[in-house]
Amino acid sequence: MTVKTFFLYKDGAQAPLTDRVPSSGSHGVTFLISGVNARAGTKYKCSYQILGSGEYVISQLSDPVQIEKGPPRPSISYEAVRGVEGDYKINCSAPQDMTVKIFFLYKDEAQAPLTDRVPSSGSHCVTFLISGVNARAGTKYRCSYQILESGEYVTSELSDPLQIKKEPFPKPSLRITSGSVTVRGGNLTLTCTGSRTDVVFALYRGERSFPAQEPPGTEAVFHFTDVNTGHEGRYHCLYYSKGTLRIQSEPSNSVEVTLRDSYPKPLVKLIPGSVVRQGGSLTIHCTTEYHDMRFILFRKGRLHRQEGPPGNEAVFVISGIQQADEGPYQCRYHSQSGPVVWSEASDDFQIRVLGNDVIL
């Protein structure tokens, strides 16, 4: 069939809702319908027109199709390719529980996709590389994805439109605020700081996105517990405007998360010092940058005392000190909640007890 025009009809209307001329040699078209209430039960039919014996002939109407609510819409974001003017990476992410067969990228109001891409096995996101973008032209992009459900391919709703603008919002900063070391089984906190309020913050590890946040201020905190090898990698964040037209910042700096098997050693301070007169008092301060920790004092490799409540500091007081209290000591701490993760031991510190007849 050499089709001249396709017509789309809504419900029982006799006049077409819209029509479209197929591209040369094509026998199909796609109609893009906006503002559809998938729960209203609206039905659509289509027909086509050919030129036969010098006259236009219209086909019978198709079987009706009822639009039902499909998979959730994906999220979309972009980042500039450093060093290449006009080149951008557009990231499209489906919910993590979706097994996506293919992603589609649309430009402006085009009904046919600009391009498509098959995700790698087990991935729920892809990156489209777009070249020659004029960031001042106001071009908008959207994406969708397709899954296989009950033997049929089902297409998601389109994402919110994404408009690429040259440095629309200042770049945010990302930092690890849970401590200088991230331990296996411990906690990880990443803080993304922007310069605007009333925006949405998004966090990424590579191409993977995490649930977005809408904080009241200019800072979003992403917290992970019981971290494992799957949390390692390079993270970045960005923020974007609320509403149907998405305008976003450039991506933040990247931070690398690498796991260790233990917390760093605590800092130890002795008051009045490592040499104490017999019968006097010695105060041992053990501190760390991590909170909710329980501290243990060891003497000659054996547990000597533990102090609470949990925190980032413990104070051990040895009163009425005697010669028997001499010896090498160490301080360690471990996590109080979740899996127990220990710190490295502090450096050994030697305590000397002097008799009252010794002149310093």
Side-chain angles (χ1 to χ4, degrees), residues 30 32-39 65 67-81 88-130 133 139-164 190 192 199-214 220 222 224 228 230-249 251-252 254:
T30 299
L32 179 61
I33 309 298
S34 301
V36 176
N37 182 353
R39 296 181 176 88
V65 61
I67 295 179
E68 297 179 353
K69 192 170 182 66
R73 67 180 57 189
S75 63
I76 188 170
S77 64
Y78 76 89
E79 58 183 295
V81 177
Y88 291 84
K89 294 178 182 179
I90 298 181
N91 306 305
C92 186
S93 300
Q96 295 183 30
D97 58 348
M98 292 291 172
T99 303
V100 179
K101 296 297 182 181
I102 192 169
F103 284 88
F104 302 98
L105 181 68
Y106 299 84
K107 182 178 179 181
D108 286 330
E109 300 302 320
Q111 298 187 29
L114 174 66
T115 186
D116 57 68
R117 189 169 180 198
V118 176
S120 56
S121 179
S123 176
H124 64 280
C125 54
V126 296
T127 298
F128 297 98
L129 180 59
I130 307 299
V133 176
T139 304
K140 302 182 185 73
Y141 294 88
R142 293 178 293 177
C143 69
S144 66
Y145 61 92
Q146 203 170 64
I147 63 173
L148 189 61
E149 190 173 84
S150 301
E152 296 185 357
Y153 285 98
V154 182
T155 303
S156 74
E157 299 178 69
L158 286 169
S159 69
D160 291 330
L162 169 68
Q163 184 172 356
I164 294 177
L190 296 163
C192 183
V199 293
V200 181
F201 285 83
L203 179 70
Y204 295 85
R205 187 182 69 242
E207 294 181 354
R208 178 184 174 182
S209 63
F210 296 91
Q213 293 191 18
E214 299 183 27
F222 298 86
F224 303 90
N228 53 49
H231 292 88
E232 291 186 310
R234 296 190 70 83
Y235 290 77
H236 70 273
C237 69
L238 52 84
Y239 59 97
Y240 54 87
S241 58
K242 297 179 181 179
T244 56
L245 178 58
R246 174 167 166 169
I247 303 172
Q248 72 172 50
S249 71
S252 70
S254 295

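In this text the structure is predicted, and so the values were computed from the model without any measurement.
- Under the side chain to side chain contact (heavy atoms under 4.5 Å, CB included) criterion, Ala110 pairs with no residue at all, not counting sequence neighbours.
- In terms of the side chain to side chain contact (heavy atoms under 4.5 Å, CB included) criterion, residue partners of Gln146 (sequence neighbours excluded) are, by chain and number, Ile102, Phe104, Tyr153, Thr155.
- With sequence neighbours excluded, no residue satisfies ring pair (Phe, Tyr, Trp, His ring centres under 6.0 Å) with Tyr240.
- The two residues Tyr78 and Leu238 make their nearest non-hydrogen contact at O-CD2, 4.1 Å.
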All N/O donor-acceptor pairs, side-chain side in residues 117-125, below 3.5 Å, sequence neighbours left out:
unit_1, atom_1, unit_2, atom_2, d
Arg117, NH1, Thr127, O, 2.5
Ser123, OG, Cys125, N, 3.2
Ser123, OG, Cys125, O, 3.0

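- Residues passing the ring pair (Phe, Tyr, Trp, His ring centres under 6.0 Å) test with Phe222: none are found, sequence neighbours excluded.
- Applying the salt bridge (Lys or Arg N to Asp or Glu O under 4.0 Å) test to every pair with at least one member in residues 231-241, sequence neighbours left out, gives these pairs: Arg234-Glu256.
- Every residue meeting the side chain to side chain contact (heavy atoms under 4.5 Å, CB included) condition with Leu129, not counting sequence neighbours, appears here in chain and number order: Val81, Lys89.
- Using a 4.5 Å heavy-atom cutoff, the side chains of Pro72 and Tyr145 are in contact.
- Partners of His236 under the ring pair (Phe, Tyr, Trp, His ring centres under 6.0 Å) rule, at least two apart in sequence or in another chain, are Tyr204.
- Each side chain to side chain donor-acceptor pair (under 3.5 Å) pair with one or both residues in residues 94-111, not counting sequence neighbours, appears once here: Gln96-Arg208.
- A donor-acceptor pair under 3.5 Å is absent between the side-chain atoms of Thr30 and the main chain of Ala112, judged by distance alone.
- Within the 4.5 Å cutoff, the side chain of Ile130 has no heavy atoms near those of the Ile164 side chain.
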